[in-house]
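Heads up: the structure comes next, in structure tokens.
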Amino acid sequence: QVQLVESGGGLVQAGGSLRLSCAASGRIFSIKSMRWYRQAPGKQRELVASVTTGGSTNYADSAEGRFTISRDNSKNTVYLQMNSLKPEDTAVYYCNADIITIANFRVAVDYWGQGTQVTVSS
């Protein structure tokens, strides 16, 4: 079994910063890409940022220049540093990762965290 546990969400004023963390645990052999998604009320879940095992990153246009995704492979953890937050960044943020488990080396399985609420007040 594998678990992804997010932390770091909360309430912040516009212009402020938050740092989200997501730690993967369990019978993990390796982790490929790791991603952050978000879902605002009444909207579809959207990809915010992704990072490969080697550290290559991609960002949604809305996150470019304000958010930074990073990972610590030794800790199986991915981070999302969010600066200059705006009210429209308010959403539940989800961690997602492609994980190869010890039980099955042949395929990477998609795992999700439970989500952490980020609320940005104006």
Task: Nearest-0.5 Å distance that lies between atom CE in M34 and atom CG in N73 - done: 8.0 Å

TODO: Might you point out which heavy atoms bring A108 and K32 nearest each other, and give the distance in Å?
DONE: CB-CD, 3.7 Å

Task: same_hphob_cluster(F105, Y111) at 4.5 Å side-chain heavy-atom cutoff - done: no

TODO: Assess the side chains of N83 and S17: does a donor N or O sit below 3.5 Å from an acceptor N or O?
DONE: yes

- [ ] Check the pair V109, T101 against side chain to side chain contact (heavy atoms under 4.5 Å, CB included), reporting the backbone distance first and the verdict last.
- [x] CA-CA 8 Å; V109 177; T101 65; 5.8 Å; no

- [ ] Please tell me if the side chains of T116 and L20 come closer than 4.5 Å, counting only heavy atoms from C-beta onward.
- [x] yes

TODO: Calculate, to the nearest 0.5 Å, the distance between atoms CG and CG belonging to L4 and N96 respectively.
DONE: 7.5 Å

Open item on the list: For a quick test of reading the model, state the closest non-hydrogen atom pair linking C95 to E6 and the distance between them.
Closed with: N-OE2, 2.7 Å

Open item on the list: Let me confirm one number: the CZ-CD1 distance from F29 to I102, rounded to the nearest 0.5 Å.
Closed with: 8.5 Å

Open item on the list: According to a hydrophobic-cluster definition based on side-chain heavy atoms being under 4.5 Å apart (Ile, Leu, Val, Met, Phe, Trp, Tyr only), do V92 and V48 belong together?
Closed with: no

TODO: Take R71 and I31 through the test side chain to side chain contact (heavy atoms under 4.5 Å, CB included) and record every step on the way to the result.
DONE: CA-CA 11 Å; R71 62 190 286 174; I31 302 177; 3.8 Å; yes

Task: Cluster check L18, L80: I/L/V/M/F/W/Y, side chain < 4.5 angstrom - done: yes

Open item on the list: I'd like to check Q39 versus Y94 (side-chain heavy atoms, cut-off strictly below 4.5 Å). Are they in contact?
Closed with: yes

- [ ] Specify the closest pair of heavy atoms between A14 and S122, including all atoms of both residues, with the distance to one decimal.
- [x] CB-CA, 4.4 Å

Task: Y37 ring center within less than 6.0 Å of Y93 ring center - done: no

- [ ] Mark yes when over 12 heavy atoms from residues, nucleotides or ligands other than Q3 sit less than 6.0 Å from its CD; otherwise mark no.
- [x] no

Open item on the list: Between Y79 and L85, is there shared hydrophobic-cluster membership here, with clusters defined by ILVMFWY side-chain heavy atoms closer than 4.5 Å?
Closed with: no

Task: Test item: T90 side-chain N/O and T119 main-chain N/O as donor-acceptor pair under 3.5 Å - done: no

Task: Taking every non-hydrogen atom, the tightest pair across R38 and S62 - done: NH2-OG, 3.3 Å

Open item on the list: Could you see if I99 belongs to whatever hydrophobic cluster contains V51? Use Ile, Leu, Val, Met, Phe, Trp, Tyr and a side-chain cutoff under 4.5 Å.
Closed with: yes

- [ ] Can you measure from OG (S33) to CG (D98) and round to the nearest 0.5 angstrom?
- [x] 5.5 Å

Task: Heavy-atom pair with the smallest gap, counting every atom of S21 and W36 - done: O-CH2, 3.7 Å

Open item on the list: Give me the atom names and distance for the closest heavy-atom approach of R66 to S84.
Closed with: NH1-O, 3.0 Å

Task: R35 to W112, cation-pi by 6.0 Å centre distance and 45° axis angle - done: no

